[in-house]
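Taking it in order: structure first as structure tokens, then the write-up.
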Amino acid sequence: MRVKPVDFRRLNLRCHALLSDVPLHDVWAIPLRGGGPGRSIQDARAIVFGDRRPPNLAVRGLFALRSALGRTFGWDDERHDPSSASYVTRLAGADRSQSRVAPGTREGRFRVLYVLGEESLSELRNATVHAFVALALTPRPGGYTLYLAIYVKPVSRLTTLYMALIDPFRRLVVYPVLGRQVQQRWARAYA
């Protein structure tokens, strides 16, 4: 399910230009069976973000550990997420008017930048990273492919160390579990 960033960059997406100064850290492609014609990124977002509870015990434990560390060290304090640093200020008028969710809307710890027909972009900023999650839904024979791309902009010297420490957990546990969960939910909703 993990794919080369070049494969994601071939897609005609708004996020490529908006995040041109942000390194593309990771890309996953989740094959989705069925769904019928006309599915949109809103359908995929409902599947991905519909249940805020992490999918299994290992992932819940990792999220709980990260949350505890964030509280202990103050990584998630609002002072690390000034509105002036948000990429919502970079959006063009067309991005704002075409978005199906108001830019700047909070969804949990994330801030939505835009939700277009087949693409969405959200950001998260704290003392460790300024991260972006891009979702793109593309049709394929027999269903769709949901791309999940993670961009990471360093915010301090801590960013590189932090990402090196969490990458094995993200790549070996979190994203594979999330991918399977998305496939199962999609099958239940649209098969």
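Remark: R9 CZ to K4 NZ distance equals 13.0 Å, nearest 0.5 Å. Rounded to the nearest 0.5 Å, atoms CD (Q42) and CG (L135) are 10.5 Å apart. Annotation: the span from R171 atom CZ to I166 atom CD1 amounts to 9.5 Å, rounded to 0.5 Å.
When atom types are taken as modelled, the side chain of Q183 and the backbone of P31 share a donor-acceptor pair closer than 3.5 angstrom. The main-chain N or O of L11 is found under 3.5 Å from a side-chain atom of H16 such that the two form a donor-acceptor pair. With hydrogens and angles disregarded, a donor-acceptor distance shorter than 3.5 Å links the side chain of S99 to the backbone of V115. D167 places no side-chain N or O within donor-acceptor distance of the main-chain N or O of A164, the cut-off being under 3.5 Å.
The side-chain heavy atoms of D95 and R14, taken from C-beta on, include a pair separated by under 4.5 Å. Inter-residue side-chain proximity for R109 and N126 is flagged as met; some heavy-atom pair is nearer than 4.5 Å. The side-chain heavy atoms of L116 and R100, taken from C-beta on, include no pair separated by under 4.5 Å. Using a 4.5 Å heavy-atom threshold, the side chains of S86 and R125 count as separate. With contacts defined as side-chain heavy-atom distances shorter than 4.5 Å, the pair L146/V48 qualifies. Looking only at side-chain heavy atoms (C-beta outward), S122 and V112 come within less than 4.5 Å of each other. Between D43 and Y144 there is no side-chain heavy-atom pair separated by less than 4.5 Å.
A 6.0 Å sphere centred on OH of Y190 holds more than 12 heavy atoms belonging to other residues, nucleotides or ligands. In R33, the CZ atom is not crowded: 12 or fewer heavy atoms of neighbouring residues, nucleotides or ligands sit closer than 6.0 Å.
The two residues C15 and Y151 make their nearest non-hydrogen contact at SG-OH, 3.7 Å. In terms of heavy atoms, L24 sits closest to P5 at CD2-CB, 3.5 Å. Heavy-atom minimum distance, T145 versus A29: CG2-CB, 3.9 Å. Here the shortest heavy-atom pairing between S156 and A127 reads OG-O, 3.7 Å. Across all their heavy atoms, S40 and L137 have their closest contact at O-CD2, 3.3 Å. Of all heavy-atom pairs between R96 and V88, the closest is NH2-O, 2.7 Å.
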Worked check of side chain to side chain donor-acceptor pair (under 3.5 Å) between Y114 and E119: CA-CA 8 Å; Y114 60 76; E119 173 187 7; 2.6 Å; yes
Evaluate the side chain to side chain contact (heavy atoms under 4.5 Å, CB included) criterion for residues I150 and R170: first the C-alpha distance (whole Å), next the side-chain angles of each, then the deciding distance (0.1 Å), finally the verdict. CA-CA 11 Å; I150 307 298; R170 284 183 331 98; 4.2 Å; yes
L148 vs L178, test: side chain to side chain contact (heavy atoms under 4.5 Å, CB included). Steps then yes/no. CA-CA 10 Å; L148 168 69; L178 176 65; 4.0 Å; yes
Start with the C-alpha distance between E118 and T138, add both sets of side-chain angles, then the distance that settles side chain to side chain contact (heavy atoms under 4.5 Å, CB included), and finish with yes or no. CA-CA 7 Å; E118 285 78 35; T138 62; over 6 Å; no
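Between Y175 and W28, the ring planes are tilted. Angles from 30° to 60° get that label. The aromatic rings of Y147 and F8 sit tilted, their planes meeting at an angle between 30° and 60°.
L165 belongs to a hydrophobic cluster whose other members, connected by ILVMFWY side-chain contacts under 4.5 Å either directly or through intermediates, are L161. The hydrophobic cluster analysis finds V155 isolated: no Ile, Leu, Val, Met, Phe, Trp or Tyr side chain comes under 4.5 Å of it, directly or through other members.
Hydrophobic cluster membership is shared by L19 and L91, with clusters built from Ile, Leu, Val, Met, Phe, Trp and Tyr side chains linked at under 4.5 angstrom. Residues L124 and L121 do not share a hydrophobic cluster, clusters being chains of Ile/Leu/Val/Met/Phe/Trp/Tyr side chains in contact below 4.5 Å. Under a hydrophobic clustering in which Ile, Leu, Val, Met, Phe, Trp and Tyr are joined whenever their side-chain heavy atoms come within less than 4.5 Å, directly or via other members, V133 and Y162 fall into the same cluster. Hydrophobic clustering keeps L18 apart from V101 (ILVMFWY residues linked when any side-chain heavy atoms are closer than 4.5 Å, directly or through intermediates). When hydrophobic clusters are built by joining Ile, Leu, Val, Met, Phe, Trp and Tyr residues whose side-chain heavy atoms come closer than 4.5 Å, directly or via intermediates, V177 is grouped together with V174.
Screening D21, T159, V129 for a side-chain contact (heavy atoms from CB on, under 4.5 Å) involving K153 leaves a single residue, D21.
Annotation: cation-pi geometry not satisfied between R45 and F49 (NZ/CZ under 6.0 angstrom from ring centroid, within 45° of ring axis).
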